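Everything quoted here is computed from the prediction, not taken from an experiment.
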Amino acid sequence: LADDMVFNQGKSAMVLPRFDILENRSPINLYAKGKLKLQFQMLWQHEELRDDFKSQLSAIPDIMKIIDKKIQDSYGISPEVWLPHSEQILKILKQVFSNE
């Protein structure tokens, strides 16, 4: 799905999928303990993609509750919330950021 994967090590071990369309940036991270982090600020140079990504994720009611709760550009989502929607999240990532 991603063009590259980076495995961060250390105190905050995580997987960072990188996308060429975003100049090798990662708008989403998966921590070793299962927390999913959305980083909309990584898309500051790609407003259209950011808005599309945020809009599609907001269509998932459980994710929308978290995004609407705080006005910020980075959100941590527990596995209990995002895992039931993992297939839909993967489809969104592919649709918005994949070169396929």
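- Tyr75 and Leu16 fall into different hydrophobic clusters, defined by Ile, Leu, Val, Met, Phe, Trp and Tyr side-chain heavy atoms under 4.5 Å apart, directly or through other members.
- Residue Met64 shares its hydrophobic cluster (ILVMFWY side chains chained together at separations under 4.5 Å) with no other residue.
- Counting heavy atoms from C-beta outward, Phe19 and Met42 have side chains that stay 4.5 Å or more apart.
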Mind running side chain to side chain contact (heavy atoms under 4.5 Å, CB included) on Asn8 and Asn29 for me, showing each step along the way? CA-CA 10 Å; Asn8 186 20; Asn29 303 335; over 6 Å; no

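- Annotation: the span from Gln45 atom CD to Arg25 atom CZ amounts to 4.5 Å, rounded to 0.5 Å.
- The distance from the CD1 atom of Ile63 to the CG atom of Leu36 is 7.0 Å, given to the nearest 0.5 Å.
- Every side chain to side chain donor-acceptor pair (under 3.5 Å) that Asp52 has, sequence neighbours left out, goes to Gln56.
- Contact record, Ala59 with Pro61: O-CD, 3.3 Å, taken as the closest heavy-atom pair.
- The nearest pair of heavy atoms linking Pro17 to Ser26 is O-OG, 2.7 Å.
- Contacts of Glu47 classified as side chain to side chain contact (heavy atoms under 4.5 Å, CB included), with partners at least two apart in sequence or in another chain: Arg50.
- The cluster map of Ile, Leu, Val, Met, Phe, Trp and Tyr, joined by side-chain heavy atoms under 4.5 Å apart, puts Tyr31 and Leu57 in different clusters.
- If you chain together hydrophobic residues whose side chains sit under 4.5 Å apart, Val6 and Leu30 never meet in one group.
- The shortest heavy-atom contact between Leu43 and Pro27 is CD2-CB, 4.0 Å.
- Residue pairs meeting the side chain to side chain donor-acceptor pair (under 3.5 Å) criterion with at least one partner in residues 77-93, sequence neighbours excluded, are Asp62-His85, Ser78-Glu80.
- With sequence neighbours excluded, no residue forms a side chain to side chain contact (heavy atoms under 4.5 Å, CB included) with Glu48.
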Assess whether side chain to side chain contact (heavy atoms under 4.5 Å, CB included) is satisfied between Ile66 and Leu38, documenting all intermediate values. CA-CA 11 Å; Ile66 293 168; Leu38 303 174; over 6 Å; no

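- Taking CD1 from Ile89 and CD1 from Ile77, the interatomic distance works out to 6.5 Å, rounded to the nearest 0.5 Å.
- Between Pro79 and Pro84, the closest heavy-atom pair is O-CD, 3.9 Å.
- Atom CZ of Phe40 sits about 10.0 Å away from atom CG of Asp51, to the nearest 0.5 Å.
- Considering all non-hydrogen atoms of both residues, Leu49 and Val96 come closest at CD2-O, 3.5 Å.
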Side chain to side chain contact (heavy atoms under 4.5 Å, CB included) between Lys35 and Lys37: does it pass, once the steps are laid out? CA-CA 6 Å; Lys35 185 176 183 179; Lys37 185 173 183 182; 5.7 Å; no

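- Taking the six-membered ring for Trp and thresholds of 30 and 60 degrees, Phe53 and Phe97 have ring planes more than 60 degrees apart, a perpendicular arrangement.
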